[in-house]
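Read the structure below first, then the notes.
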Number of protein chains: 4
Amino acid sequence: MARPLSPEKRNALLAAATQAVADLGVQASTASIARGAGVAEGTLFTYFENKDVLFQALYLHLKEDLGETIMPGYPYESDFRHRVEHIFQRYVSWGLENKAKRLAISRLSGSGQLQDATRARGMERFQAVSRMMEDAVQSGVLVNAPIAFLYAIIERIADTTIEYMDSHPGDAQRHLALGFHAAWRAITP
Amino acid sequence: MARPLSPEKRNALLAAATQAVADLGVQASTASIARGAGVAEGTLFTYFENKDVLFQALYLHLKEDLGETIMPGYPYESDFRHRVEHIFQRYVSWGLENKAKRLAISRLSGSGQLQDATRARGMERFQAVSRMMEDAVQSGVLVNAPIAFLYAIIERIADTTIEYMDSHPGDAQRHLALGFHAAWRAITP
Amino acid sequence: MARPLSPEKRNALLAAATQAVADLGVQASTASIARGAGVAEGTLFTYFENKDVLFQALYLHLKEDLGETIMPGYPYESDFRHRVEHIFQRYVSWGLENKAKRLAISRLSGSGQLQDATRARGMERFQAVSRMMEDAVQSGVLVNAPIAFLYAIIERIADTTIEYMDSHPGDAQRHLALGFHAAWRAITP
Amino acid sequence: MARPLSPEKRNALLAAATQAVADLGVQASTASIARGAGVAEGTLFTYFENKDVLFQALYLHLKEDLGETIMPGYPYESDFRHRVEHIFQRYVSWGLENKAKRLAISRLSGSGQLQDATRARGMERFQAVSRMMEDAVQSGVLVNAPIAFLYAIIERIADTTIEYMDSHPGDAQRHLALGFHAAWRAITP
DNA sequence: GATGAATGAGCTTTCATTCAT
DNA sequence: CATGAATGAAAGCTCATTCAT
């Protein structure tokens with residue numbers, strides 16, 4: 001592993017894996033991923049020790065990508081509601097614009113192949129959000145519950161929102177508003 | 001009429017499949033499922049034409065099982081809040097008491113192998129709930145959103161609640177209350 | 001085996017086997033043959049000990065059927081040419097009218113599953129022909145070669161003739177004449 | 001360019017398939033063929049997409065082999081009888097010296113698994129013979145019949161001849177002469 | 001005797017992984 | 001390092017045969 005020669009190939013493999021996992025879940029074959037990336041079957045294994053390592057890396061890669069969309073412009077100084085709204089809306093638009101990535105995360109997440117450590121590391125990039133939520137709980141703006149619990153609820157409502165916006169494009173804005181309404185009310189006392 | 005198909009064997013196969021899918025997702029092998037059910041490998045295929053058919057049947061079987069837990073005692077005459085609470089609490093306790101079943105549903109749901117038709121048929125048993133929610137939307141008790149959207153949000157929050165109650169058994173009652181609070185607020189205006 | 005209760009069932013099985021073997025060769029499954037005969041899978045095995053026994057019986061049954069078409073009206077008193085012509089023409093018309101039977105014989109014959117003893121017993125019904133040919137060899141009308149050799153040549157030419165008449169129905173009569181011409185010349189000095 | 005596909009392995013697979021098909025027909029298992037070729041089970045499928053493709057390739061390979069024996073030394077300038085005799089004798093000696101190959105062709109031919117296109121491509125190598133026979137028909141040396149019909153008759157008589165020479169080695173030369181006599185007379189007016 | 005569920009060996013094919021080139 | 005042929009352990013599924021009903 002260490003220092004692979006070509007970041008392009010690594011990225012091509014991750015991109016191909018994203019599509020393959022979105023389509024077929026963890027059943028996607030390493031051969032098809034390599035083909036999708038335009039590299040030889042064996043090459044995959046010089047970048048990722050085995051299929052499981054590839055999947056953990058893929059999950060982290062996708063979460064990183066999500067983080068890079070959500071976090072820039074994060075309104076550190078606004079009130080809690082605006083900060084949650086920022087996160088919610090960015091999450092939703094990332095999901096709408098990156099269907100394969102969102103599906104791949106969801107497939108990995110529900111496959112039983114994702115290690116707890118990986119899931120935990122995937123959260124790291126969102127610490128600013130966690131901290132904000134802690135403060136908000138302290139100050140009584142959010143309901144007094146574990147952060148992870150609140151975070152999970154927001155995430156699930158956001159996922160549901162994405163699915164609805166996706167399948168009912170005409171009502172997209174309405175569903176976005178409904179989704180955020182639900183999320184905000186769900187986590188406030 | 002020779003030996004009739006045995007409901008016990010069918011159930012044993014579904015039970016074994018539940019466990020196997022909970023453990024390994026759709027990667028669970030038919031051989032391991034048959035072994036788990038105590039029947040020969042070939043026998044699985046006299047009860048289910050192929051693996052895919054088995055999975056669709058398993059999903060429906062589990063949803064049926066869930067329905068049989070949730071629906072009895074449904075307080076048709078109570079106010080909306082109590083009815084939603086009934087559903088929520090029953091759903092959560094079923095999930096807590098049937099970890100493998102809940103996991104199996106979730107694995108199937110996220111696998112990409114579940115047909116839309118199967119998902120739709122799985123909802124049939126819960127029509128009383130849908131109808132109640134329609135009325136509640138009409139009367140302004142629930143927020144004006146598609147029933148399926150509201151239903152999905154409740155389901156997701158319930159799932160999250162189950163996961164938390166499961167991993168923090170000490171705080172179970174508190175999380176149950178928090179979960180219902182979140183769900184109720186999420187779907188009300 | 002011995003005395004099966006129902007000759008109808010036995011015949012239905014042989015008829016279904018004929019069709020199945022014509023279609024798929026010896027790969028035809030016993031289940032499909034039973035289905036074709038309208039009996040249960042297990043019933044096949046009360047009439048025929050196993051698949052191999054069925055195939056030997058099928059071959060004999062078909063040869064018997066062929067014999068019953070060819071031999072009646074055999075012109076014991078005509079000259080050799082007319083007797084051979086009788087055989088040839090009857091063989092060809094049987095083949096044309098019983099495509100599945102002919103194909104089944106050919107599939108069995110070429111499958112490597114047919115026992116030599118079965119092949120030999122299949123010849124028994126045609127002893128009058130063999131004897132006639134012996135006489136004809138004695139009297140110098142036919143070329144001095146083993147009867148079986150001459151018989152095989154006639155058979156092969158007849159098969160070829162059938163195939164041609166079958167695929168070129170317009171020229172049927174011409175091919176029949178050509179076929180007999182070839183056969184008669186082939187076996188005469 | 002990694003390890004290139006090895007013609008030796010391909011040939012070993014075809015040789016093993018020849019033997020296996022000669023012994024068991026199309027029922028021969030891919031596992032036994034791979035074992036016979038001294039390669040892993042999976043390797044067969046890097047050389048032949050699936051069993052059917054293997055069988056079509058095998059047929060063509062064997063016909064090619066036959067063509068390479070028959071055609072060299074073909075007396076383009078001799079009279080028609082000598083040319084037919086060349087073909088007949090070469091065909092027969094190839095068959096005698098390559099029992100497994102001949103049997104394999106015959107098993108494939110009668111199995112119902114051989115595609116028409118494959119059968120047609122198998123004839124390509126013998127175009128010189130077809131053309132010669134066309135000329136001979138034109139010039140009245142051969143009986144006025146479709147070339148394929150005449151060709152089939154020769155082939156069938158040659159096959160019969162081979163079988164007899166094989167089972168009666170003492171009379172081999174006599175049967176060869178008888179066989180050619182029969183064939184030549186069969187196709188001439 | 002007839003039925004068809006039950007069996008498990010066996011089949012073809014796939015696939016993660018290795019390693020010769 | 002990149003390649004893709006080679007590997008062989010599964011995988012899903014079929015099927016001849018048995019036997020409880």
Side-chain angles (χ1 to χ4, degrees), chain A residues 2-6 9 26-35 37-54, chain B residues 1-6 9-10 26-35 37-54, chain C residues 2-6 9 26-35 37-54, chain D residues 1-6 9-10 26-35 37-54:
Chain A
R3 256 301 128 108
L5 203 69
S6 150
K9 268 177 191 150
V26 291
Q27 314 232 44
S29 73
T30 53
S32 78
I33 293 170
R35 198 179 323 119
V39 303
E41 289 181 43
T43 301
L44 188 153
F45 294 92
T46 74
Y47 288 86
F48 305 96
E49 200 180 333
N50 56 43
K51 202 185 180 184
D52 185 64
V53 165
L54 165 64
Chain B
M1 199 194 289
R3 209 174 316 185
L5 280 173
S6 136
K9 264 175 195 143
R10 195 186 136 94
V26 289
Q27 309 222 5
S29 74
T30 53
S32 77
I33 292 170
R35 199 179 322 118
V39 302
E41 289 184 38
T43 300
L44 188 152
F45 296 95
T46 75
Y47 287 85
F48 305 97
E49 201 180 331
N50 55 43
K51 202 186 180 183
D52 185 63
V53 165
L54 166 64
Chain C
R3 259 299 128 114
L5 203 70
S6 151
K9 266 178 191 150
V26 290
Q27 314 231 45
S29 73
T30 53
S32 77
I33 293 170
R35 198 180 323 118
V39 303
E41 289 182 43
T43 301
L44 187 152
F45 295 93
T46 75
Y47 287 86
F48 304 97
E49 200 180 333
N50 57 40
K51 202 185 180 184
D52 185 64
V53 165
L54 166 64
Chain D
M1 200 193 290
R3 211 174 317 184
L5 281 172
S6 136
K9 264 176 194 142
R10 196 187 135 93
V26 290
Q27 307 216 341
S29 75
T30 53
S32 77
I33 293 170
R35 199 179 323 117
V39 302
E41 288 185 39
T43 301
L44 188 153
F45 295 93
T46 75
Y47 286 85
F48 305 96
E49 202 180 332
N50 55 43
K51 203 185 180 184
D52 185 64
V53 166
L54 166 63

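We name chains A, B, ... by the order of the sequence lines, and we start the count at 1 in each one.
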note: B:Phe48, atom CZ; E:dA5, atom P; distance rounded to Å ~ 14 Å

Smallest heavy-atom separation, B:Ile33 atom then B:Leu54 atom, equals CD1-CD2, 4.0 Å

Looking only at heavy atoms, the pair that brings A:Glu41 and A:Ala34 closest together is CA-CB, 3.8 Å

DNA chain F in dot-bracket form (Watson-Crick or G-U pairs under 3.5 Å, [ ] crossing, | inter-strand) is .||||||||||||||||||||

Rounding to 0.5 Å, atoms CG (A:Leu44) and CD (A:Glu49) come to a distance of 12.0 Å

Legend entry - Polar side-chain atom of D:Lys51 near backbone of D:Ala28 as donor-acceptor pair, under 3.5 Å: yes

(request) Determine yes or no for a side-chain-to-main-chain donor-acceptor pair under 3.5 angstrom, with D:Tyr47 supplying the side chain and D:Leu5 the backbone. (result) no

When rounded to whole Å, the CZ to P distance for the pair C:Arg35 and F:dA16 reads 11 Å

Each nucleotide of nucleotides 6-13 of chain F classed B (base within 4.0 Å of a protein heavy atom), S (only sugar-phosphate) or -, in 5' to 3' order, makes SBB--SSB

Between D:Phe48 and D:Arg10, the two heavy atoms sitting closest are CE2-NH1, 3.4 Å

